[in-house]
2 protein chains.
Amino acid sequence: MAQQPDTVTRILDTAEVLFAERGFAETSLRNITSKAKVNLAAVNYHFGSKKALIQAVFARYLDPFTVRFHAALDELEADHAGGVIPLEELLETMARSVLEVPAERNSLKVFMRLLGLAYSQAQGHLRRYIQEEYGGVFTRFTELVRLATPELPDAERFWRLHFMLGTVIFTLSGLDALRDIAEKDYGEHVSVRDLVRRLRPVVVAAMNAPLPEPAPAQRQAG
Amino acid sequence: MAQQPDTVTRILDTAEVLFAERGFAETSLRNITSKAKVNLAAVNYHFGSKKALIQAVFARYLDPFTVRFHAALDELEADHAGGVIPLEELLETMARSVLEVPAERNSLKVFMRLLGLAYSQAQGHLRRYIQEEYGGVFTRFTELVRLATPELPDAERFWRLHFMLGTVIFTLSGLDALRDIAEKDYGEHVSVRDLVRRLRPVVVAAMNAPLPEPAPAQRQAG
DNA sequence: GGGACTTTCAAACAATTGTTTCCAATGACG
DNA sequence: CGTCATTGGAAACAATTGTTTGAAAGTCCC
């Protein structure tokens, strides 16, 4: 037989694509195993359960990502020895780290779609797993963002970061559908890199937006 | 018994909550009917199928929304007779329309979560249904936005609108989880209205962000 | 009050799900 | 060569899914 990837890899490769296309609950193990041309029992044999398979799919992206991102942040901190790292550079570094990992397998779309699913699908175990396993690097990043934007109240920065997270995940995870519309309406084919290029000024402007007017006193009219 | 809502309403009320909490595929008809205290067959009897039930849940929000939104846009156009409506007012009007509908049932969170699911879950039939049934009002809105932002290339405006759509849907549909974190870290309880207040300057700044640097020539610069 | 409906109900349906079982094939090692 | 643990595979498992059935109960109008 040809040098076919081993069973575990074939399962992961197939599972991530199907999960990204249809979600977790809508993808049965039989869908995966038949398309991957492995035996049905192989999933439970190698991974233990469907939940564990889902986590393994994420780990294959997030493990290298956290390594790279930590390294990139190390480098950035060294460059600005002790000083504050500008917001643009932080965002740039994150974008680069996110893009690098799946680039090897031409699967950024899949990666983003999976991230979107992790947020939107029920799968409580997944959110818990990701938070426990990969929360650290995100904490480090937000701390650096805090130093870069001292004028922002903590709560405001927290929300704006999540606003932007929403922008990126929503856009890139719904990319196929949006791309179809865009292509039809504007005849323009958009690559992921095009989108990142478009995202940059928007995200920076959003983070630097003026502060909202203070909340009106709870009961009393403003 | 007391003046309990009729079967159809009880099913819809229960279904929307469960769908919002767990997604469509993860919510079985038995979950719904048992919690709603109606017979299992009632769903298929009144709605025909689970798909039709899902669509009915959306219709109950989107029908009144489109009516209100169209009316609000009519009013806005009348105020600016023939002239251009400023972007801020357009966004403001949309926000107000979105907030008004579920306010009657205190269920904005559910509404937003459902919108998020409509984008992220497989459910191709849902996207098609929403597009066909409610695409018109969105088209009208984007056309007004086009007039308000003549300096933006069409494609750029298209993407920025979707960026902001992502921000709003992602934030408000993941509100519970985010709220927990925010409350724990900043001791601050956020209401939906707080969030809208915070969103306003961010969205405006994002739409008015400087244009991205032109794409590096792909084959031939346009 | 009786006939024509609509609505409710318990039960069963066929299909699909994740998981487990048991046996054959494989390969390493003494 | 023979032994034994490991891995692969077809089939069966129990549980759950959406849907349908057919009869009972309720409702309305003439």
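Only this structure's heavy atoms are used, side chains among them; waters, hydrogens and symmetry mates stay out. Below, read A as the first sequence line, B as the second, and so on, with proteins coming before strands; counting in each chain starts at 1.
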At a heavy-atom distance below 4.0 Å, which nucleotide of DNA chain D is the first touched by chain A, and which is the last?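 Answer, 5' to 3': D:dT7 to D:dA12.
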
What residue pairs, at least two apart or across chains, pass ring-ring contact (aromatic ring centres under 6.0 Å, His included) with a residue in residues 8-34 of chain B? B:F19-B:F24

Can [X] and [Y] be counted as an ion pair, charged N to O under 4.0 angstrom?
X	Y	value
A:D13	A:K35	no
B:R128	B:E132	no
B:E143	B:R140	no
A:D154	A:R157	yes

A:F69/A:F141 aromatic ring centres below 6.0 Å: yes

Are A:Y129 and A:H125 close enough that their ring centres sit under 6.0 Å apart?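 Between A:H125 and A:Y129, which both carry aromatic rings, the centre distance is not below 6.0 Å.
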
Heavy-atom donor-acceptor pair, B:R68 side chain to B:S97 backbone, under 3.5 Å: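 Such a contact is absent between B:R68 side chain and B:S97 backbone.
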
Could you tell me whether B:T33 contacts a base, only the sugar-phosphate backbone, or nothing, with contacts defined as non-hydrogen atoms closer than 4.0 Å? nothing

Nucleotide N/O of nucleotides 4-8 of chain C paired with protein N/O under 3.5 Å:
residue	atom	partner	partner atom	Å
C:dT7	OP2	B:Y45	OH	3.0
C:dT8	OP1	B:T7	OG1	2.4
C:dT8	OP2	B:H46	NE2	2.7

